[in-house]
*Asks:* 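Dumping the structure here so I can ask a few things about it.
What's counted below: heavy atoms across the whole structure, side chains too, no hydrogens, waters or symmetry copies. As the structure is a computational prediction, the values presented were derived from the model and not from experiment. Residue numbers start from 1 in every chain, and the chains themselves are labelled A, B, ... in the order their sequence lines are given, proteins ahead of strands.
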Number of protein chains: 2
Amino acid sequence: MSVTRERRERERAQRHQLIITAARELAEAEGWEAVTTRRLAERVEYSQPVLYSHFSGKDAIVRAVAIDGFGELAAHLHRARPADPEPRQALHAVCRAYLEFATERPALYQAMFVLPTDVKFAHAETPPPLRAAFDEFVSCFRPDDARRELFAEVVWSALHGMAVLSDSGRIPSDGQEERLDFLVARFSDTPG
Amino acid sequence: MSVTRERRERERAQRHQLIITAARELAEAEGWEAVTTRRLAERVEYSQPVLYSHFSGKDAIVRAVAIDGFGELAAHLHRARPADPEPRQALHAVCRAYLEFATERPALYQAMFVLPTDVKFAHAETPPPLRAAFDEFVSCFRPDDARRELFAEVVWSALHGMAVLSDSGRIPSDGQEERLDFLVARFSDTPG
DNA sequence: CAGGATGTCTAGCGTTGCTAGGATGTCGTC
DNA sequence: GACGACATCCTAGCAACGCTAGACATCCTG
(Lines give C-alpha, C1' and ligand atoms only; values in the text may rest on other atoms or scores of the structure.)
Protein backbone atom coordinates (compact mmCIF):
# COMPACT_ATOMS: atom_id res chain seq x y z
CA MET A 1 0.00 0.00 0.00
CA SER A 2 2.82 2.35 -0.86
CA VAL A 3 2.64 5.86 -2.23
CA THR A 4 3.81 4.49 -5.55
CA ARG A 5 0.83 2.20 -5.68
CA GLU A 6 -1.52 5.11 -5.22
CA ARG A 7 0.18 7.01 -7.98
CA ARG A 8 -0.13 3.95 -10.22
CA GLU A 9 -3.80 3.65 -9.58
CA ARG A 10 -4.30 7.34 -10.23
CA GLU A 11 -2.42 7.10 -13.51
CA ARG A 12 -4.39 4.05 -14.45
CA ALA A 13 -7.66 5.84 -13.82
CA GLN A 14 -6.49 8.76 -15.92
CA ARG A 15 -5.57 6.46 -18.75
CA HIS A 16 -8.95 4.77 -18.44
CA GLN A 17 -10.67 8.09 -19.02
CA LEU A 18 -8.18 8.98 -21.74
CA ILE A 19 -9.24 5.92 -23.70
CA ILE A 20 -12.89 6.86 -23.36
CA THR A 21 -12.44 10.42 -24.50
CA ALA A 22 -10.14 9.37 -27.32
CA ALA A 23 -12.75 6.89 -28.57
CA ARG A 24 -15.40 9.55 -28.38
CA GLU A 25 -13.33 12.18 -30.18
CA LEU A 26 -12.40 9.76 -32.90
CA ALA A 27 -16.02 8.75 -33.33
CA GLU A 28 -17.21 12.34 -33.44
CA ALA A 29 -14.55 13.19 -36.00
CA GLU A 30 -14.89 10.22 -38.34
CA GLY A 31 -17.80 8.06 -37.18
CA TRP A 32 -17.80 4.85 -35.20
CA GLU A 33 -16.74 2.74 -38.15
CA ALA A 34 -13.40 4.56 -38.01
CA VAL A 35 -12.89 3.67 -34.36
CA THR A 36 -10.69 0.59 -34.55
CA THR A 37 -8.67 -0.78 -31.68
CA ARG A 38 -5.47 -0.06 -33.59
CA ARG A 39 -6.26 3.57 -34.27
CA LEU A 40 -7.49 4.05 -30.75
CA ALA A 41 -4.32 2.53 -29.32
CA GLU A 42 -2.21 4.76 -31.52
CA ARG A 43 -4.17 7.76 -30.36
CA VAL A 44 -3.63 7.10 -26.67
CA GLU A 45 0.01 6.24 -27.43
CA TYR A 46 -0.12 2.69 -26.12
CA SER A 47 -0.28 -0.66 -27.80
CA GLN A 48 -3.51 -2.49 -28.45
CA PRO A 49 -3.39 -4.95 -25.51
CA VAL A 50 -3.42 -2.04 -23.08
CA LEU A 51 -6.99 -1.33 -24.13
CA TYR A 52 -7.92 -4.84 -23.10
CA SER A 53 -6.45 -4.38 -19.65
CA HIS A 54 -8.97 -1.59 -19.14
CA PHE A 55 -11.98 -2.88 -21.04
CA SER A 56 -13.19 -6.35 -21.88
CA GLY A 57 -13.46 -5.41 -25.54
CA LYS A 58 -14.44 -2.74 -28.01
CA ASP A 59 -18.09 -2.98 -26.99
CA ALA A 60 -17.18 -2.11 -23.42
CA ILE A 61 -15.42 1.03 -24.62
CA VAL A 62 -18.47 2.11 -26.58
CA ARG A 63 -20.61 1.43 -23.53
CA ALA A 64 -18.33 3.58 -21.38
CA VAL A 65 -18.65 6.43 -23.87
CA ALA A 66 -22.43 6.02 -23.82
CA ILE A 67 -22.59 6.13 -20.02
CA ASP A 68 -20.58 9.33 -20.00
CA GLY A 69 -23.10 10.65 -22.48
CA PHE A 70 -26.07 9.86 -20.28
CA GLY A 71 -24.73 12.18 -17.63
CA GLU A 72 -24.19 14.96 -20.12
CA LEU A 73 -27.62 14.54 -21.62
CA ALA A 74 -29.29 14.67 -18.20
CA ALA A 75 -27.42 17.85 -17.36
CA HIS A 76 -28.19 19.37 -20.76
CA LEU A 77 -31.92 18.68 -20.43
CA HIS A 78 -32.01 19.90 -16.87
CA ARG A 79 -30.34 23.18 -17.79
CA ALA A 80 -32.88 23.66 -20.57
CA ARG A 81 -35.99 23.19 -18.46
CA PRO A 82 -37.12 26.59 -17.25
CA ALA A 83 -37.44 27.17 -13.52
CA ASP A 84 -40.99 28.40 -13.87
CA PRO A 85 -42.63 25.34 -15.27
CA GLU A 86 -45.30 26.55 -17.59
CA PRO A 87 -45.96 23.02 -18.78
CA ARG A 88 -46.01 23.53 -22.49
CA GLN A 89 -42.94 25.73 -22.58
CA ALA A 90 -41.13 23.27 -20.36
CA LEU A 91 -41.86 20.40 -22.71
CA HIS A 92 -40.87 22.48 -25.69
CA ALA A 93 -37.58 23.48 -24.10
CA VAL A 94 -36.67 19.94 -23.07
CA CYS A 95 -37.54 18.50 -26.47
CA ARG A 96 -35.54 21.14 -28.27
CA ALA A 97 -32.59 20.50 -25.98
CA TYR A 98 -32.82 16.78 -26.70
CA LEU A 99 -32.71 17.32 -30.45
CA GLU A 100 -29.84 19.77 -30.04
CA PHE A 101 -27.89 17.17 -28.14
CA ALA A 102 -28.50 14.55 -30.82
CA THR A 103 -27.55 16.89 -33.67
CA GLU A 104 -24.45 18.35 -32.12
CA ARG A 105 -22.95 15.09 -30.85
CA PRO A 106 -24.22 12.54 -33.37
CA ALA A 107 -21.63 9.88 -32.60
CA LEU A 108 -22.12 10.16 -28.87
CA TYR A 109 -25.85 9.94 -29.43
CA GLN A 110 -25.39 6.82 -31.53
CA ALA A 111 -23.37 5.13 -28.81
CA MET A 112 -26.14 5.89 -26.34
CA PHE A 113 -29.23 5.08 -28.36
CA VAL A 114 -28.47 3.37 -31.64
CA LEU A 115 -25.58 0.95 -31.37
CA PRO A 116 -26.34 -2.46 -29.87
CA THR A 117 -26.03 -2.27 -26.13
CA ASP A 118 -26.55 -4.28 -23.02
CA VAL A 119 -27.15 -1.23 -20.86
CA LYS A 120 -30.38 -1.77 -18.96
CA PHE A 121 -33.13 0.71 -19.72
CA ALA A 122 -36.20 1.07 -17.47
CA HIS A 123 -34.76 -1.44 -15.07
CA ALA A 124 -33.32 -1.61 -11.58
CA GLU A 125 -29.77 -1.55 -12.98
CA THR A 126 -30.42 1.48 -15.16
CA PRO A 127 -27.59 4.02 -14.80
CA PRO A 128 -28.97 6.84 -12.62
CA PRO A 129 -28.07 9.60 -15.12
CA LEU A 130 -30.08 7.81 -17.78
CA ARG A 131 -33.05 7.62 -15.48
CA ALA A 132 -32.53 11.29 -14.61
CA ALA A 133 -32.60 12.24 -18.28
CA PHE A 134 -35.82 10.33 -18.81
CA ASP A 135 -37.32 11.99 -15.74
CA GLU A 136 -36.81 15.37 -17.32
CA PHE A 137 -39.46 14.33 -19.82
CA VAL A 138 -41.71 12.79 -17.20
CA SER A 139 -41.63 16.01 -15.18
CA CYS A 140 -43.12 17.89 -18.09
CA PHE A 141 -46.47 16.23 -17.44
CA ARG A 142 -48.85 16.63 -14.54
CA PRO A 143 -47.72 14.75 -11.42
CA ASP A 144 -51.24 13.50 -10.77
CA ASP A 145 -51.49 11.83 -14.15
CA ALA A 146 -50.74 8.14 -13.76
CA ARG A 147 -49.83 7.85 -17.42
CA ARG A 148 -47.08 10.44 -17.48
CA GLU A 149 -44.42 7.75 -17.83
CA LEU A 150 -46.24 6.50 -20.88
CA PHE A 151 -46.42 10.03 -22.25
CA ALA A 152 -42.71 10.44 -21.71
CA GLU A 153 -41.96 7.18 -23.52
CA VAL A 154 -43.91 8.24 -26.56
CA VAL A 155 -42.45 11.74 -26.66
CA TRP A 156 -38.98 10.31 -26.30
CA SER A 157 -39.68 7.78 -29.07
CA ALA A 158 -40.84 10.54 -31.36
CA LEU A 159 -37.79 12.67 -30.66
CA HIS A 160 -35.52 9.69 -31.15
CA GLY A 161 -37.18 8.87 -34.44
CA MET A 162 -36.78 12.46 -35.62
CA ALA A 163 -33.17 12.48 -34.53
CA VAL A 164 -32.05 9.28 -36.21
CA LEU A 165 -34.10 9.65 -39.38
CA SER A 166 -32.74 13.13 -39.81
CA ASP A 167 -29.17 12.09 -39.01
CA SER A 168 -29.26 9.27 -41.57
CA GLY A 169 -30.76 11.52 -44.22
CA ARG A 170 -34.14 9.81 -44.24
CA ILE A 171 -36.06 12.97 -43.45
CA PRO A 172 -34.80 16.42 -44.41
CA SER A 173 -32.97 17.92 -41.46
CA ASP A 174 -34.16 21.43 -42.12
CA GLY A 175 -37.74 20.61 -41.20
CA GLN A 176 -36.76 19.65 -37.68
CA GLU A 177 -37.97 22.85 -36.05
CA GLU A 178 -41.40 22.60 -37.61
CA ARG A 179 -41.71 18.98 -36.59
CA LEU A 180 -40.69 19.86 -33.07
CA ASP A 181 -43.37 22.53 -32.82
CA PHE A 182 -46.02 20.18 -34.10
CA LEU A 183 -44.98 17.42 -31.74
CA VAL A 184 -45.10 19.65 -28.70
CA ALA A 185 -48.43 21.13 -29.74
CA ARG A 186 -49.95 17.68 -29.88
CA PHE A 187 -48.38 16.29 -26.76
CA SER A 188 -48.39 19.09 -24.26
CA ASP A 189 -50.94 18.86 -21.46
CA THR A 190 -52.36 22.28 -22.23
CA PRO A 191 -53.63 22.13 -25.80
CA GLY A 192 -53.91 25.21 -27.95
CA MET B 1 -28.88 -13.18 -79.63
CA SER B 2 -29.32 -16.94 -79.34
CA VAL B 3 -31.78 -18.87 -77.25
CA THR B 4 -28.93 -19.87 -75.01
CA ARG B 5 -28.18 -16.29 -74.30
CA GLU B 6 -31.73 -15.65 -73.23
CA ARG B 7 -31.63 -18.64 -70.94
CA ARG B 8 -28.37 -17.35 -69.47
CA GLU B 9 -29.83 -13.98 -68.76
CA ARG B 10 -32.88 -15.56 -67.21
CA GLU B 11 -30.71 -17.72 -64.99
CA ARG B 12 -28.63 -14.75 -64.07
CA ALA B 13 -31.69 -12.79 -63.02
CA GLN B 14 -32.88 -15.71 -60.93
CA ARG B 15 -29.53 -15.95 -59.23
CA HIS B 16 -29.63 -12.22 -58.58
CA GLN B 17 -32.88 -12.63 -56.70
CA LEU B 18 -31.60 -15.77 -55.00
CA ILE B 19 -28.76 -13.78 -53.48
CA ILE B 20 -31.15 -11.14 -52.19
CA THR B 21 -33.53 -13.58 -50.58
CA ALA B 22 -30.67 -15.62 -49.14
CA ALA B 23 -29.21 -12.50 -47.54
CA ARG B 24 -32.57 -11.58 -46.15
CA GLU B 25 -33.27 -15.03 -44.75
CA LEU B 26 -29.86 -15.22 -43.17
CA ALA B 27 -30.33 -11.79 -41.63
CA GLU B 28 -33.78 -12.64 -40.31
CA ALA B 29 -32.46 -15.88 -38.84
CA GLU B 30 -29.26 -14.64 -37.24
CA GLY B 31 -29.06 -10.86 -37.63
CA TRP B 32 -27.11 -8.77 -40.12
CA GLU B 33 -23.82 -9.25 -38.32
CA ALA B 34 -24.04 -12.92 -39.32
CA VAL B 35 -24.42 -12.06 -43.00
CA THR B 36 -20.88 -12.37 -44.31
CA THR B 37 -19.98 -12.69 -47.95
CA ARG B 38 -18.59 -16.16 -47.30
CA ARG B 39 -21.67 -17.50 -45.59
CA LEU B 40 -23.87 -15.89 -48.21
CA ALA B 41 -21.84 -17.42 -51.03
CA GLU B 42 -22.03 -20.83 -49.39
CA ARG B 43 -25.77 -20.45 -49.05
CA VAL B 44 -26.34 -19.71 -52.72
CA GLU B 45 -23.85 -22.45 -53.62
CA TYR B 46 -21.45 -20.24 -55.50
CA SER B 47 -18.09 -18.79 -54.65
CA GLN B 48 -17.64 -15.32 -53.21
CA PRO B 49 -16.63 -13.53 -56.42
CA VAL B 50 -19.97 -14.40 -57.98
CA LEU B 51 -21.64 -12.05 -55.50
CA TYR B 52 -19.47 -9.27 -56.83
CA SER B 53 -20.51 -9.94 -60.40
CA HIS B 54 -24.08 -9.13 -59.30
CA PHE B 55 -23.52 -6.42 -56.70
CA SER B 56 -20.81 -3.84 -56.21
CA GLY B 57 -20.37 -4.95 -52.61
CA LYS B 58 -22.08 -6.05 -49.46
CA ASP B 59 -23.74 -2.66 -49.04
CA ALA B 60 -25.42 -3.03 -52.41
CA ILE B 61 -26.88 -6.38 -51.34
CA VAL B 62 -28.30 -4.83 -48.18
CA ARG B 63 -29.73 -2.02 -50.28
CA ALA B 64 -31.40 -4.51 -52.61
CA VAL B 65 -32.96 -6.26 -49.63
CA ALA B 66 -34.19 -2.91 -48.33
CA ILE B 67 -35.75 -1.96 -51.65
CA ASP B 68 -37.62 -5.25 -51.75
CA GLY B 69 -38.83 -4.39 -48.28
CA PHE B 70 -40.20 -1.01 -49.31
CA GLY B 71 -42.59 -2.74 -51.69
CA GLU B 72 -43.75 -5.14 -49.05
CA LEU B 73 -44.25 -2.41 -46.49
CA ALA B 74 -46.32 -0.33 -48.90
CA ALA B 75 -48.52 -3.32 -49.65
CA HIS B 76 -48.83 -4.21 -46.00
CA LEU B 77 -49.89 -0.69 -45.02
CA HIS B 78 -52.30 -0.43 -47.92
CA ARG B 79 -53.99 -3.69 -46.98
CA ALA B 80 -54.38 -2.45 -43.44
CA ARG B 81 -56.06 0.85 -44.28
CA PRO B 82 -59.82 0.32 -44.17
CA ALA B 83 -61.85 1.14 -47.25
CA ASP B 84 -64.18 3.40 -45.33
CA PRO B 85 -61.76 6.00 -44.13
CA GLU B 86 -62.99 7.09 -40.76
CA PRO B 87 -59.86 9.15 -40.22
CA ARG B 88 -58.90 8.10 -36.76
CA GLN B 89 -59.46 4.40 -37.35
CA ALA B 90 -57.52 4.65 -40.58
CA LEU B 91 -54.54 6.20 -38.83
CA HIS B 92 -54.74 3.64 -36.07
CA ALA B 93 -54.83 0.77 -38.52
CA VAL B 94 -51.89 2.03 -40.57
CA CYS B 95 -49.79 2.74 -37.50
CA ARG B 96 -50.47 -0.67 -36.04
CA ALA B 97 -49.61 -2.28 -39.35
CA TYR B 98 -46.33 -0.36 -39.45
CA LEU B 99 -45.33 -1.57 -36.00
CA GLU B 100 -46.36 -5.10 -36.92
CA PHE B 101 -44.11 -4.97 -39.92
CA ALA B 102 -41.19 -3.74 -37.86
CA THR B 103 -41.59 -6.37 -35.15
CA GLU B 104 -42.20 -9.32 -37.39
CA ARG B 105 -39.34 -8.63 -39.83
CA PRO B 106 -36.78 -6.86 -37.65
CA ALA B 107 -33.80 -7.51 -39.89
CA LEU B 108 -35.64 -6.39 -43.00
CA TYR B 109 -36.76 -3.29 -41.13
CA GLN B 110 -33.19 -2.57 -40.11
CA ALA B 111 -31.98 -2.79 -43.68
CA MET B 112 -34.66 -0.31 -44.69
CA PHE B 113 -34.51 2.23 -41.90
CA VAL B 114 -31.54 1.72 -39.60
CA LEU B 115 -28.45 0.60 -41.46
CA PRO B 116 -26.50 3.32 -43.25
CA THR B 117 -27.92 3.80 -46.70
CA ASP B 118 -27.61 5.96 -49.76
CA VAL B 119 -31.19 5.41 -50.80
CA LYS B 120 -32.76 8.79 -51.42
CA PHE B 121 -35.68 9.63 -49.15
CA ALA B 122 -38.07 12.49 -49.94
CA HIS B 123 -36.31 13.13 -53.21
CA ALA B 124 -36.87 12.79 -56.94
CA GLU B 125 -34.95 9.50 -57.00
CA THR B 126 -36.92 8.00 -54.12
CA PRO B 127 -38.02 4.45 -54.96
CA PRO B 128 -41.74 4.64 -55.76
CA PRO B 129 -42.75 1.93 -53.26
CA LEU B 130 -41.07 3.91 -50.50
CA ARG B 131 -43.01 7.00 -51.48
CA ALA B 132 -46.18 4.88 -51.64
CA ALA B 133 -45.62 3.64 -48.11
CA PHE B 134 -45.16 7.17 -46.86
CA ASP B 135 -48.31 8.26 -48.67
CA GLU B 136 -50.33 5.75 -46.69
CA PHE B 137 -49.59 7.94 -43.70
CA VAL B 138 -50.22 11.18 -45.54
CA SER B 139 -53.61 9.92 -46.66
CA CYS B 140 -54.70 9.55 -43.07
CA PHE B 141 -54.93 13.32 -42.77
CA ARG B 142 -57.33 15.75 -44.36
CA PRO B 143 -56.46 16.46 -48.02
CA ASP B 144 -57.10 20.17 -47.55
CA ASP B 145 -54.54 20.47 -44.79
CA ALA B 146 -51.33 21.82 -46.24
CA ARG B 147 -49.36 20.41 -43.38
CA ARG B 148 -50.36 16.78 -43.79
CA GLU B 149 -46.92 15.86 -45.06
CA LEU B 150 -45.46 17.32 -41.89
CA PHE B 151 -47.96 15.36 -39.83
CA ALA B 152 -46.99 12.18 -41.61
CA GLU B 153 -43.30 12.82 -41.00
CA VAL B 154 -43.83 13.23 -37.28
CA VAL B 155 -46.09 10.21 -36.97
CA TRP B 156 -43.62 8.15 -38.93
CA SER B 157 -40.77 9.39 -36.74
CA ALA B 158 -42.67 8.46 -33.61
CA LEU B 159 -43.45 4.99 -34.92
CA HIS B 160 -39.86 4.52 -36.00
CA GLY B 161 -38.65 5.57 -32.58
CA MET B 162 -41.00 3.17 -30.88
CA ALA B 163 -39.98 0.37 -33.22
CA VAL B 164 -36.21 0.70 -32.83
CA LEU B 165 -36.18 1.53 -29.12
CA SER B 166 -38.35 -1.48 -28.47
CA ASP B 167 -36.32 -3.74 -30.76
CA SER B 168 -33.06 -2.80 -29.08
CA GLY B 169 -34.54 -3.29 -25.60
CA ARG B 170 -34.50 0.39 -24.71
CA ILE B 171 -38.20 0.57 -23.97
CA PRO B 172 -40.20 -2.46 -22.83
CA SER B 173 -41.80 -4.09 -25.84
CA ASP B 174 -44.97 -5.03 -24.02
CA GLY B 175 -46.08 -1.42 -23.68
CA GLN B 176 -46.21 -0.98 -27.44
CA GLU B 177 -49.98 -1.25 -27.75
CA GLU B 178 -50.59 1.40 -25.10
CA ARG B 179 -48.08 3.72 -26.71
CA LEU B 180 -49.73 3.20 -30.07
CA ASP B 181 -53.14 4.12 -28.68
CA PHE B 182 -51.78 7.24 -27.06
CA LEU B 183 -49.94 8.30 -30.19
CA VAL B 184 -52.99 7.94 -32.39
CA ALA B 185 -55.19 9.73 -29.86
CA ARG B 186 -52.89 12.72 -29.95
CA PHE B 187 -52.27 12.81 -33.66
CA SER B 188 -55.54 11.95 -35.28
CA ASP B 189 -57.43 14.79 -36.90
CA THR B 190 -60.57 14.10 -34.92
CA PRO B 191 -59.65 14.44 -31.28
CA GLY B 192 -61.51 12.67 -28.50
C1' DC C 1 20.61 -7.44 -4.03
C1' DA C 2 17.67 -11.38 -5.57
C1' DG C 3 12.87 -12.88 -6.74
C1' DG C 4 8.37 -12.25 -7.83
C1' DA C 5 4.73 -9.43 -9.30
C1' DT C 6 3.22 -5.95 -12.49
C1' DG C 7 3.04 -3.64 -16.70
C1' DT C 8 3.83 -3.32 -21.64
C1' DC C 9 5.01 -4.76 -26.21
C1' DT C 10 5.78 -7.68 -30.39
C1' DA C 11 3.87 -11.00 -33.05
C1' DG C 12 0.28 -13.70 -34.58
C1' DC C 13 -4.52 -16.08 -34.90
C1' DG C 14 -8.91 -16.34 -37.15
C1' DT C 15 -12.28 -13.61 -39.60
C1' DT C 16 -13.85 -9.80 -42.43
C1' DG C 17 -14.80 -7.46 -47.32
C1' DC C 18 -12.89 -7.59 -51.61
C1' DT C 19 -9.94 -8.77 -55.94
C1' DA C 20 -6.37 -10.61 -59.20
C1' DG C 21 -5.36 -14.28 -62.32
C1' DG C 22 -5.89 -18.75 -64.05
C1' DA C 23 -8.85 -22.67 -65.34
C1' DT C 24 -13.02 -24.26 -67.52
C1' DG C 25 -16.58 -24.28 -70.66
C1' DT C 26 -19.46 -22.22 -74.42
C1' DC C 27 -20.17 -19.57 -78.62
C1' DG C 28 -19.73 -17.91 -83.52
C1' DT C 29 -16.80 -18.54 -87.55
C1' DC C 30 -14.16 -20.84 -91.10
C1' DG D 1 -15.76 -30.39 -86.97
C1' DA D 2 -11.70 -27.58 -85.39
C1' DC D 3 -10.34 -23.11 -83.59
C1' DG D 4 -9.91 -18.54 -81.61
C1' DA D 5 -12.80 -15.28 -78.75
C1' DC D 6 -15.50 -14.72 -75.08
C1' DA D 7 -17.93 -15.33 -70.86
C1' DT D 8 -18.16 -17.69 -66.51
C1' DC D 9 -16.44 -19.35 -62.31
C1' DC D 10 -13.08 -20.67 -58.73
C1' DT D 11 -8.70 -20.83 -56.08
C1' DA D 12 -5.74 -18.11 -53.67
C1' DG D 13 -4.48 -14.08 -51.55
C1' DC D 14 -4.46 -9.00 -49.69
C1' DA D 15 -5.14 -5.60 -46.11
C1' DA D 16 -7.66 -4.56 -42.04
C1' DC D 17 -10.45 -6.12 -38.23
C1' DG D 18 -11.02 -7.69 -32.91
C1' DC D 19 -8.52 -10.05 -29.84
C1' DT D 20 -4.71 -12.85 -27.31
C1' DA D 21 -0.43 -15.54 -26.12
C1' DG D 22 4.04 -15.16 -24.62
C1' DA D 23 8.36 -12.63 -24.17
C1' DC D 24 10.59 -8.68 -22.26
C1' DA D 25 11.22 -4.91 -19.08
C1' DT D 26 10.39 -2.57 -14.83
C1' DC D 27 9.32 -2.02 -10.19
C1' DC D 28 8.28 -3.26 -5.26
C1' DT D 29 9.23 -6.45 -1.56
C1' DG D 30 11.90 -9.39 1.56
*Asks:* Mind calculating the distance between CH2 (Trp32(A)) and P (dG18(D)) to the nearest angstrom?
*Replies:*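 Whole-Å distance recorded here is 12 Å.
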
*Asks:* Report which part of the nucleic acid Arg15(B) touches: base, sugar-phosphate, or nothing (heavy-atom distance under 4.0 Å, all strands).
*Replies:*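 Since only primed, P, OP1 and OP2 atoms lie under 4.0 Å of Arg15(B), the category is sugar-phosphate.
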
*Asks:* For a quick check of understanding: with a heavy-atom distance under 4.0 Å over all strands, which category does Ser47(B) fall into, base, sugar-phosphate or nothing?
*Replies:*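 Contact class for Ser47(B): base.
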
*Asks:* For DNA chain D, whose closest nucleotide is more 5', that of Tyr46(B) or that of Pro49(A)?
*Replies:*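 Looking at the nearest nucleotide for each, Tyr46(B) comes out on the 5' side.
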
*Asks:* Given dG18(D), dC9(C), dT16(C), which nucleotide is nearest the side-chain atoms of Arg38(B)?
*Replies:*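 Output: dT16(C).
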
*Asks:* Can you check whether any acceptor in the base of dC19(D) is under 3.5 Å from a donor in the side chain of Gln48(A), or vice versa?
*Replies:*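 It does, because a donor-acceptor pair links the side chain of Gln48(A) to the base of dC19(D) below 3.5 Å.
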
*Asks:* Quickly work out the Leu51(A) CG to dT8(C) P distance and round it to whole Å.
*Replies:*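 It is 12 Å, rounded to the nearest whole Å.
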
*Asks:* Closer than 3.5 angstrom, by distance alone: can the side chain of Arg148(B) be matched with the main-chain N or O of Arg142(B) as a donor-acceptor pair?
*Replies:*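 The answer is yes, because a donor-acceptor pair under 3.5 Å joins these two groups.
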
*Asks:* Can you tell me the distance, in whole Å, between the CG atom of Asp59(B) and the C1' atom of dG17(C)?
*Replies:*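 Spelled out: CG on Asp59(B) to C1' on dG17(C) is 10 Å.
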
*Asks:* Looking at Phe151(A), is Arg186(B) sitting on its ring face, NZ or CZ under 6.0 Å from the six-membered ring centre and within 45 degrees of the normal?
*Replies:*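 Satisfied, under 6.0 Å and within 45°.
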
*Asks:* Mind calculating the distance between CD1 (Ile61(A)) and C1' (dC17(D)) to the nearest angstrom?
*Replies:*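 The distance from CD1 of Ile61(A) to C1' of dC17(D) comes to 14 Å, rounded to the nearest Å.
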
*Asks:* What is the distance, to the nearest angstrom, from the CD atom on Glu42(B) to the P atom on dT15(C)?
*Replies:*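 It is 13 Å, rounded to the nearest whole Å.
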
*Asks:* How many Å lie between CD on Glu11(A) and P on dG7(C), as a whole number?
*Replies:*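 About 11 Å, once rounded to whole Å.
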
*Asks:* Please lay out, stage by stage, how Arg39(A) and Glu25(A) fare under the test salt bridge (charged side-chain N to carboxylate O under 4.0 Å, His left out).
*Replies:* CA-CA 12 Å; Arg39(A) 288 198 63 186; Glu25(A) 286 173 9; over 6 Å; no

*Asks:* Looking at dC19(D), I'd like to know if its phosphate oxygens (OP1 or OP2) sit under 4.0 Å from a side-chain N or O belonging to Thr37(A).
*Replies:*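 The answer is no; no side-chain N or O of Thr37(A) sits under 4.0 Å from OP1 or OP2.
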
*Asks:* Taking OH from Tyr52(B) and P from dG21(C), how many angstroms apart are they, rounded to a whole number?
*Replies:*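 These atoms are roughly 18 Å apart.
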
*Asks:* Between atom CD in Glu45(A) and atom C1' in dC9(C), what is the gap in whole Å?
*Replies:*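 Roughly 15 Å, once rounded to whole Å.
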
*Asks:* With a 3.5 Å cut-off and no angle check, do the side chains of Thr36(B) and Arg38(B) form a donor-acceptor pair?
*Replies:*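 The answer is no; no qualifying pair exists.
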
